[in-house]
There are 2 protein chains.
Amino acid sequence: MTHPDPKPDEPTGRFAYEGLERIFHEKARLGIMTSLVTHSRGLVFADLKDLCQLTDGNLSRHLQILHEAGFVEIWKGFHKKRPQTLCRVTEGGRQRFLEYINVLETVVQDALKAASGSPSSPKLAEGWSPI
Amino acid sequence: MTHPDPKPDEPTGRFAYEGLERIFHEKARLGIMTSLVTHSRGLVFADLKDLCQLTDGNLSRHLQILHEAGFVEIWKGFHKKRPQTLCRVTEGGRQRFLEYINVLETVVQDALKAASGSPSSPKLAEGWSPI
DNA sequence: GAGACACGCTTTACTCTATAAAGCCGGCAG
DNA sequence: CTGCCGGCTTTATAGAGTAAAGCGTGTCTC
C-alpha cells in the first residue's frame, strides 16, 4: 500500500472546513434547502415560508440567490386565479447540498470527539495575565 | 403520561433552526471553537492560526468577538522575549458551543433523512412555466 | 363601477460583518 | 541608529441578511 492513511480532504490544516460553501452555510438557506430536499416534488412559496418561518421578502431574496446559483428551480403558475410560485431543488443543488452536509457532519464529529475527551481547564503557569 | 411525544425544541415550524447561534455559525469561528474545545489547555495565537488557516488580522478579530461574548479567555505572556497570546475556551463557551453542535446535528439528520428517501423530481402538471 | 382590502410576492434600504490591507511596537542584527 | 522581522491590532471596504415599503391582480361592498 502506498497510502497507509489517506485522509482525502485534509491537505495540511485541521479545522479549516473549506468545504463549507457560503451559499448553504446560512440559517435561512439551510432550512430552505432541507425543506426542498425533503419535499422533492417541490413546495409552493407560502408553504416553504411557513416551514422555514421566514418573511416573504426574506424567502424571496434567498430563493433568488439559490436560483441564480442553479440550486433551485422556480416555476410560476396559478391556483384559484392567484399567482403561485413553486420551488424545487435541482439535481445539482441536491448533490452539492449533500456534500455540504457531509462536511457539516465532520464538524459535528470533530466537536463531539473533543467534548468527550478533555474535561476542564488547568491553571496557567506564571507569567500570563488575562485580557 | 401527559406528553406522549414531547419534542421540546420545535414549537410550530420545522426546519427553522432557531438554535443556530450566529456567533458560532461561521466557518472561521467554527474552526476556532473546535480547535479550542479540542485543546482544552489552550492554544497560542500562531498555532490556532495554523490550525484554522486564518490570517493574523482575521483570527484577531474573531477572537475579539468570541472574547467579548465571554466564550474564550485571552491571556498575554512572553516566550523568548516575544509577546504571545494564549487562547482558551471558557466553561460557558464550551457548553454553549456544544449546544450549538447539537442543533447542527439535527440539521445533518434532517438532511440525510431526506436524502435517503426521495430519489428525483417528477414532471410538473400543465400550467407552470420556469424562471 | 369605484374604492377598499387581501393575497402573493419583489424591490429597496439599512445595518451588520467578514476579511484583506495597512499599521504598530518591541527586539535584534549589522 | 537604521532596517527588518515577529506578533499581533486596527481600519477600510465590499458583501450580505433582513425589515420595511412597494406593486399588481383579484374580490368584495356599496
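The sequence lines fix the lettering, A, B, ..., with proteins before strands; numbering per chain opens at 1.
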**Report entry** Which atom of A:Arg88 lies closest to which atom of A:Arg41, heavy atoms considered
**Finding:** CD-O, 3.2 Å
**Report entry** Given D:dA19, D:dT9, C:dT19, the nucleotide with the shortest approach to the side chain of A:Arg22
**Finding:** C:dT19
Query raised in the report: Taking only N and O in the side chain of B:Thr85, is any of them less than 4.0 Å away from OP1 or OP2 of D:dC8?
Result: yes
Query raised in the report: Atom CZ in A:Arg29, atom CD in A:Glu21: separation rounded to 0.5 Å?
Result: 11.0 Å
**Report entry** Distance below 4.0 Å between B:His79 side-chain N/O and D:dG7 OP1 or OP2
**Finding:** no
Requested in this report: Check every strand shown and say whether B:Leu59 touches a base, only sugar-phosphate, or nothing at a heavy-atom separation below 4.0 Å.
Outcome: nothing
Query raised in the report: Of the nucleotides D:dA19, D:dC8, C:dC9, which has the atom closest to the A:Asp56 side chain?
Result: C:dC9
Report task. Report the distance from atom CD of A:Gln64 to atom P of D:dT18, rounded to the nearest whole Å. Result -> 15 Å
**Report entry** Separation of atom CG in A:Leu48 from atom P in C:dC9, rounded to whole Å
**Finding:** 11 Å
Query raised in the report: Aromatic rings B:Phe15 and B:Tyr17: how do their planes relate, parallel, tilted or perpendicular, breaks at 30° and 60°?
Result: tilted
Query raised in the report: Taking the side chain of A:Thr55 as heavy atoms from C-beta outward, which of D:dA19, D:dG17, C:dC9 is closest to it?
Result: D:dA19
Report summary line: The side chain to side chain contact (heavy atoms under 4.5 Å, CB included) partner of A:Ile32 among A:Val37, A:Leu43, A:Ile65, A:Leu59 is A:Leu59
Query raised in the report: From C:dA18, C:dT10, D:dG17, pick the nucleotide closest to the side chain of A:Phe45?
Result: C:dT10
Query raised in the report: The side chain of A:Lys76 lies closest to which of these nucleotides: C:dT19, C:dT10, D:dG26?
Result: C:dT10
**Report entry** Residue B:Arg82, side-chain atoms from C-beta onward, closest of C:dC9, C:dT19, D:dC5
**Finding:** D:dC5
Requested in this report: Using whole Å, report how far CD of B:Glu68 lies from C1' of C:dC16.
Outcome: 14 Å
**Report entry** Atom-to-atom span, CG of B:Leu63 to P of D:dT10 - whole angstrom
**Finding:** 13 Å
Requested in this report: Identify, between B:Ala46 and A:Arg61, the residue whose nearest nucleotide on DNA chain D lies closer to the 5' end.
Outcome: B:Ala46
Query - Distance in angstrom units between A:Lys49 NZ and C:dC9 P, rounded - result: 9 Å
Report summary line: Testing C:dA18, D:dG7, D:dG17 for proximity to the side chain of B:Pro83, the answer is D:dG7
Query raised in the report: If you check the B:Ser60 side chain, which of D:dT10, C:dT19, C:dC9 turns out closest?
Result: D:dT10
Query raised in the report: Has the side chain of A:Thr90 got a donor or acceptor atom that lies under 3.5 Å from a matching backbone atom of A:Gly70?
Result: yes
Query - Gap between atoms NE2 and P, on A:His25 and D:dG17 respectively (whole Å) - result: 12 Å
Query raised in the report: When we call it a touch if two heavy atoms are under 4.0 Å apart, what does B:Leu54 touch: a base, just sugar-phosphate, or nothing?
Result: nothing
Query raised in the report: Which whole-number value in Å describes the distance from B:Asp47 CG to D:dG6 P?
Result: 15 Å
**Report entry** Closest-nucleotide 5' rank along DNA chain C - winner of A:Ile74 and B:Lys80
**Finding:** A:Ile74
Query raised in the report: According to a strict under-4.0 Å criterion, is B:Asn58 in side-chain N/O contact with OP1 or OP2 of C:dA18?
Result: no
Query raised in the report: Are any of the side-chain nitrogens in A:Arg94 or A:Glu99 under 4.0 Å away from the carboxylate oxygens of its partner?
Result: no
Query raised in the report: Over how many whole Å does the gap from A:Ile65 atom CD1 to D:dG15 atom C1' extend?
Result: 10 Å
